[in-house]
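Since the structure comes first, as C-alpha cells, the remarks are kept for the end.
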Amino acid sequence: MTEPLTPQYHPAQIERDLYRWWMARGLFTARRDSGARPYVIMMPPPNVTANLHMGHGLNNTIQDVLVRFERMRGREALWLPGTDHAGIATQNVVEREIAKQDGKTRFDVGREAFVARVWEHVNETGATILDQLKAIGASCDWSRTYFTLDPDLSRAVREVFVRLYDKGLIYRGNYIINWCPRCLTALSNEEAEKEDQDGHLWHLRYPLEAGGFLTVATTRPETMLGDTAVAVHPDDERYRRLVGTRVLLPLADRSIPIVADEGIDPAFGTGAVKVTPAHDPLDFEIGRRHGLPAIDIFTPDARLNENVPERFRGLDRFDVRRMVVREFEALGLLEKVEPHRHAVARCYRCETVVEPRLSEQWFVKMAPLARPALEAYRDGRVRFIPERRGDDYVQWMENIRDWCISRQLWWGHRIPVWYCDAPGCGRTSVARTDLEACPGCGGPVRQDEDVLDTWFSSWLVPFSSLGWPDETEDLRAFYPGDALVTAPEILFFWVARMIMAGLEFMGDVPFHTVYLHGTVRDTRHRKMSKSLGNGIDPLEVVERFGADALRYTVVSGMAVGTDLILDPKDLDTSFATGRNFANKLWNAARFILNNLEGQTRPLAGRSPDVVRTEELALADRWIIARCDATVRTATEAYERYRLNEAAGAIYHFLWSDLADWYIEQVKPRLYGDQPGGDVARAVAAQTFDVALRLLHPIMPFITETLWKRMPGRPPEASISTAPWPSPDVRAADGAALRDFALVQEVVGAVRQIRAEYGIQPGASVRLRLERRLPSVISELGTIQRLAKVAEISFGTPPAEPGGHAVLSDGTGLFIPLGDAIDIERECTRIGGEVNRLRRLIDGQQRKLNNEDFVSRAPVAVVEAERTKLASWLEQADALAAKLDLLGCGDGSRRTGGRNGD
RNA sequence: GGGCGAAUAGCUCAGCCGGUUCAGAGCGCCUGCCUUACACGCAGGAAGUCGGGGGUUCGAAUCCCUCUUCGCCCACCA
C-alpha cells in the first residue's frame, strides 16, 4: 500500500482485496465476551435460488450502514445472514429444470429423488447471493450464516409446532383455502395477492320447480356446476315466498333448495346468490349454516372432475366458463352480462388465478398470538419507520385470520404429524422426533405428506438462528435484537409473525424498530422486475462504478418512506454522483496525503488540541467548526434513520467546504512559502479523518483505503472499528463560521463581477473594500488568490468606472474596470439587485409594522426579523449610492448611505 | 368499498413541529477555464406563480377543506 495513488479512483482494484482483508481480520464476527452492548440486525434471508437484484442492493446497503454506524459507536455488532429454503419458489425452479431437461414432472421423479434433486440444486447455486452481498460490502457475520432447513432450525420448527399444537393453537380442518392450480398447493391468505381486474357479471336464470325463474348473478359461471342451493336475504320481499321451494339447476339437472341467509346483500346483483360451498368462502359458511352438501367440481389443476356432466370433464375451468355461458344462452337462460371490475386473487409465486377450494389443511389459530403483538406496538415496544406503517400492522392484527400452514409440496419442513391407520386406533400423533410406531397401539404409522409454509420457519429466525430451543450463549447475548430492515411487502408474511413468535416463545419482541424502506422502481415508477426487463444488475454497477458509488446513490437517493427511482437505461447518469464523489474523495486524499510528508505535529485524534489555538488561522477555525457541525448533523441523521440527510451533510462538507474552500485556502501554507504549514497539515488531516469516519458506513471501501494510508496508522487498524467522532464544544466556533462566510462572500462577489465582464482568467484586478473588515484582513491572501486580486485597498471607492457589489453586512465593494465597464449593463445589474432588496424590504416593513406580528410572534423571531430588515436596508442603500455614482440612480436612497471607515 | 401516501426547477428528489434559505441539492443545460489533488474537475449562470381551487392566520411550499393525477395497503358484495 505504499505506491502513490493514481489520479483516478479505480474501485475494482481495491474493493475485492479489502473485503478479504476485513474477513481475515474477523472484523464482522460478533463476540459475546467483548463487554460491549450488542447491536443486532437479522438479515431478511434471501431465497436460496435468488440472485442479487437492486432490491437486495437497497435493503442490504441500508442494513450495512446501520450496522457499521453502530459498530463504530462501540456496539458489538451482529448482522446475521442466512438463506431461506423458499418452499414454492425453489420447488418451482427445480420443477422447471427437470421439465426442460428430462421432460418429467416431479411425480415422475418421485418424492425422495425429487427432494434430493432440489438439495443438489441448492448446494450448487445455494449461497451465491451471499457471495454477491460481499461485493457490495455487506459486513455480515458469516461465521453464523444459517439456512432455514438446517438441522438446528428444523428442530426449532418442530418444537414450535408441538408447542402450539399442545396449546391448542394448531388444528387441522376442512375449510375453503386458496389453492394454486399450477403449484398444486394450498396458500395462505397473504400468499394470494388480490388485484382488481375487469370481468363480467353474468345473470343466470335458474328455473323454479314451481314455474318461472330465479335469476342469480355470478362472476364465475363455471362454479354453478357445484351449486347446492340458492340463497336470498330473509327480509327480501321479492324472494320471501320462494324460500323453502326449489330450483332445477340447469346443465347439472339437480334440484336444489332456496334458502334464506343473513349474509346476502339484497342490493347487489339480483339479491339471489348461487351457493357453491366447495368453492367459495361465503358459500361455505352458508352451506354450513344450512346443512348443504359441498360438491367439489375441480381436479387439483382446476379442470372439471367426475362430479360434473361428462361433456365438461377434464376441461379447463376457463373453457368451461365459456361453455356454461354459451349453453345458458342457448337455453334462453342467460338474462344479461354486465361488465364488472372485481378483485381476482393470484398466486404470489406464479401469478396463476387462485381457486378457492375446500380441503383439509393445518392451521394456526392466530388471534391469541396477535393480541400481545398488538399490545407490543401500542405500548411502544415496537415502532415503525415511517410511523404510518404501524397502521397497516394494526389493521392486519385486528382482522387477523387463521394461518393455513400446510403446503402440498415436497420441498420444506415435513409436518411432524403421524397417523395410525390401525383399526380401532386411528390416533394422530404430533412429535418432536420422527415416530416409528403409534404411541397408542404400537402399530405402523405414516407421516403427514405435507410440508409447512416457508414462513413457518422464517418467523422463528430471530431466535432459531441463535440456537433456540437450546439456551445457547448466543441466544442469551443477542436476543432480542435491535432493528429489522425490510420492504413493506413482507410486513405481514414475516415481520408481524416474527413479533408474534418472539413474544410467544421468547417472551419479548425480536426487535424494537422496524424500518420499512421503499421499492426500487424505474423512471416510469414501475417496480423493477425480471419479467419487465427493467432491472439493474447491482454487480454490473459495482463492476463499472464501484460498490461505494452504488451505495452512495442508493442511500442519498432515498428519503424515509419514499421509493428509489433509477433509470435502468442510463446507469451513467444514475450512478455518476456516487462515482464522482468517490473520485473527489480520492483526490482530496491524494492532495492531503502528498502534503503530509515532513509533518511534525501529531495527527491522531481530532480535537483542536492538536494545534495550539492561537496558531489557528480563521480558515482553520472555520473548517474545524464546519467539521464539528457535520459530526452533529450526520450523527443525528444516522440515529434517526435519515441516511440521505447524513449522506448529504457529509458530501457537502467534503466537497464544498473541505475541497473547494479549505484545501484551496491552505495551499500556500503547504507549499512552504508561508508559515503555518504544520498547522494546516494537522487541521486538514484531522478534519479529513473525521469526515472519512462519518462517511464510512455509506462508502466503506474508499474510506477504509484512504484512512489506512493516513500516517501513523498501525497496519492492523481498520476504520470500521475506529471510534465514531463526537462533537466538541470547543470546536463549535460560531464566530469563525460567520467571519469566514464573509470572506467567501468577498471572493464570490469578485468572481461574479469578473465573470460578468468576461475578464480574462489570467488577469488580476484591484479590489476596494469600503470597510476594513477584520476577517477579511486576516484572510487577505486567500481572497487575493481565490479571486485573482492583485491588490486590496480600503475606503470609499474612487469616482471611476467599475463593478460594484455589497456584502450581506452592508460593506460596499468596488473593482475598477476602466474601459471594460459597460455602464448600462452595470446599472441594470445593480438596479435589479436594488429592486429585489426593495421588494424584500417592503414586505419586511409591513410585517414589522403589523401590531399583531410584533405582539404575537416570539421575541426572538421579531428580533431576527428586525436584524434582517436592517441588513437589507443597509445593502439597498449602499447599492443605491453606487447607482448614483454611476449616474443612473433614481435618488431614492433612504439614508445618506455609508462611507468607508 | 374502506384506509393511507405522493404531487416542489427538464429529470431524480430535500425542505421535520407555519416566521431564522428573500424556495435548495445532484444530474442535465448555457458561458469561461486542461489554475502542478481531481475535466469523474474549477469558476460563473439560466431555470420553479412549490398540481388546481378555496379557507385558517399578522404571515403558508409548510395547517384545514375540496378537486385532479399517480401510487400503496386492506376487503368473502356473489
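Throughout, a chain's letter reflects where its sequence line sits, starting with A, and its residues are numbered from 1. Keep in mind that the numbers below use all heavy atoms, side chains included, and drop hydrogens, waters and symmetry copies.
With G15(B), C76(B), A37(B) as the choices, the nucleotide that has an atom nearest any side-chain atom of Ala659(A) turns out to be A37(B). Comparing C13(B), C73(B), A78(B) by their nearest atom to the side chain of Ile565(A) picks out C13(B). With C38(B), A78(B), C73(B) as the candidates, the nucleotide lying closest to the side chain of Asp392(A) is C73(B). Here C40(B) is the nucleotide among A37(B), G15(B), C40(B) with the atom lying nearest to any side-chain atom of Asn583(A). For Gln8(A), the listed nucleotide lying nearest its side chain is C40(B); candidates were C38(B), C16(B), C40(B).
Using atom C1' as the reference point in both A9(B) and G51(B), the two lie 15 Å apart (nearest Å). As rounded to the nearest Å, G48(B) and A61(B) have C1' atoms that lie 11 Å from one another. Rounded to a whole angstrom, the distance from the C1' atom of C11(B) to that of C29(B) is 12 Å.
Ring pair Tyr348(A)/Phe493(A): centre-to-centre distance below 6.0 Å.
The shortest distance between the side-chain N/O atoms of His342(A) and the OP1/OP2 oxygens of A75(B) is not below 4.0 Å. Here Lys527(A) does not reach the OP1 or OP2 of G71(B): none of its side-chain N or O atoms lies under 4.0 Å away. The side chain of Arg642(A) contributes no N or O atom lying less than 4.0 Å from OP1 or OP2 of A14(B). When the side-chain nitrogen and oxygen atoms of Lys667(A) are compared with OP1 and OP2 of A37(B), one or more of them lie within a distance under 4.0 Å.
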Kindly give the atom pairs (protein nitrogen or oxygen, nucleotide nitrogen or oxygen) under 3.5 Å for nucleotides 25-32 of chain B.
from, atom 1, to, atom 2, distance (Å)
G26(B), O2', Thr577(A), OG1, 2.4

Please list, for nucleotides 43-48 of chain B, all pairs of protein and nucleotide N/O atoms separated by less than 3.5 Å.
from, atom 1, to, atom 2, distance (Å)
G45(B), OP1, Gln752(A), NE2, 3.4

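Looking at RNA chain B, the stems built from 3 or more consecutive Watson-Crick or G-U wobble pairs, each pair with its key distances under 3.5 Å, are B:1-7 with B:68-74, B:10-13 with B:24-27, B:29-33 with B:41-45, B:51-55 with B:63-67.
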With a 3.5 Å cut-off and sequence neighbours excluded, list the donor-acceptor pairs that the side chains of residues 651-660 of chain A form with protein atoms.
from, atom 1, to, atom 2, distance (Å)
Asp657(A), OD2, Arg626(A), NE, 2.6
Asp657(A), OD2, Arg626(A), NH2, 2.8

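Legend: residues meeting salt bridge (charged side-chain N to carboxylate O under 4.0 Å, His left out) with Lys569(A), ordered by chain and number and at least two apart, are absent. Partners of Glu355(A) under the salt bridge (charged side-chain N to carboxylate O under 4.0 Å, His left out) rule, at least two apart in sequence or in another chain, are Arg220(A), Arg317(A).
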(request) Decide ring-ring contact (aromatic ring centres under 6.0 Å, His included) for Phe384(A) and His517(A); before the verdict, give the C-alpha distance in whole Å, the side-chain angles of both, and the deciding distance to 0.1 Å. (result) CA-CA 11 Å; Phe384(A) 291 87; His517(A) 59 244; over 10 Å; no
